[in-house]
Amino acid sequence: MTHLIDGKQISKEIKDELKLEVSRLKSEGKQVCLAVVQVGANPASSVYVNNKKKACAYIGIESESYELEESTSEEELLKLIDTLNSNESVNGILVQLPLPKHIDEDKVIRAISPEKDVDGFHPVSVGRLWIGEKGFLSCTPAGIIQLLKRSDITLDGKECVVVGRSNIVGKPMAALLLRENATVTIAHSHTKNLKEITKRADILIAAVGKARFIDEDYVKDGAVVIDVGMHRDENGKLCGDVAFERVSKKASAITPVPGGVGPMTIAMLMNNCVETARQ
Ligand code: GUN
């Protein structure tokens with residue numbers, strides 16, 4: 001029987017654990033506060049931002065909302081980040097991406113203090129991850145590690161293949177798997193003989209960005225398949241990077257879309273916020 005890895009359930013467990021921890025921190029006089037910054041009104045960003053604020057409310061984390069006009073200049077945004085960096089009552093800063101085209105995202109990411117970088121996107125956080133120092137972890141890959149661990153899937157010595165090399169998912173995913181003593185391959189759009197490589201995987205992470213791209217021909221019998229994709233197909237149905245119906249017959253465990261990796265990203269963002277108060 002293929003095991004369905006239930007991200008909704010696991011993320012709920014994590015949020016409930018965090019809720020208890022926040023209440024304990026409050027009893028010690030420690031508050032947790034996340035500043036959420038959105039520039040413009042990209043509808044998808046508004047949904048994500050609202051979900052993040054709802055998760056904060058559920059756990060007992062305060063959230064301060066900054067909804068800025070699409071026309072906000074880079075200078076104004078950098079000034080706000082500066083103010084939030086030096087505001088001691090703000091523990092974490094989240095600037096929702098993508099930003100309008102006239103704003104340099106890299107500059108904005110670098111402006112956030114690494115000590116408040118709950119997204120784990122700052123080069124200091126990325127460097128800490130690769131050298132094994134404590135720091136904020138990119139939320140989606142950290143969530144995938146939790147999904148695997150909490151499903152009793154061992155990583156030590158396993159052959160893991162990550163398809164995708166983005167800064168937000170593919171690269172930090174590889175670093176985290178390596179930290180768990182897995183053998184890691186990163187494949188991408190220039191990889192030759194992709195199917196041969198993905199078929200070696202005990203654990204296959206699909207972060208390709210193409211709807212239902214990974215079918216059964218890419219998957220070894222009994223592999224664990226994690227689907228990072230989120231797309232709407234021609235019928236308006238949500239789907240991932242994996243052809244779920246076909247691959248689930250071959251995999252020993254698989255994440256669904258929706259309800260797999262997605263909910264874990266927010267749970268790990270909340271974990272990073274709480275981390276700021278743990279120290
Ligand atoms: N846009 C899409 N995903 C994310 C995320 O994880 N963090 C931020 N800041 N923006 C995003």
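Counting convention: from 1, in listed order, for ligands and their atoms alike.
In this structure, the side chain of Lys15 does not engage the main chain of Ala267 through any donor-acceptor pair within 3.5 Å.
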Take Glu275 and Lys134 through the test salt bridge (charged side-chain N to carboxylate O under 4.0 Å, His left out) and record every step on the way to the result.
-> CA-CA 11 Å; Glu275 182 63 37; Lys134 209 166 154 40; 3.0 Å; yes

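Under 4.0 Å is where a charged nitrogen must lie from a carboxylate oxygen, and between Glu245 and Lys237 no such pair does.
Residues Phe244 and Val257 form no side-chain contact, since every pair of their non-hydrogen atoms from C-beta on lies 4.5 Å or further apart.
Atom CD of Glu62 and atom CG of Leu34 lie 10.5 Å apart (nearest 0.5 Å).
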Pairs of nitrogen or oxygen atoms, one from ligand 1 and one from the protein, closer than 3.5 Å: please tabulate them with distances.
from	atom 1	to	atom 2	distance (Å)
ligand 1	1 (N)	Gln96	NE2	3.2
ligand 1	1 (N)	Leu97	O	2.8
ligand 1	7 (N)	Asp119	OD1	3.1
ligand 1	7 (N)	Asp119	OD2	3.4
ligand 1	9 (N)	Val95	O	2.8
ligand 1	9 (N)	Asp119	OD2	2.6
ligand 1	10 (N)	Leu97	N	3.0

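Residues passing the side chain to side chain donor-acceptor pair (under 3.5 Å) test with Asp119: none are found, sequence neighbours excluded.
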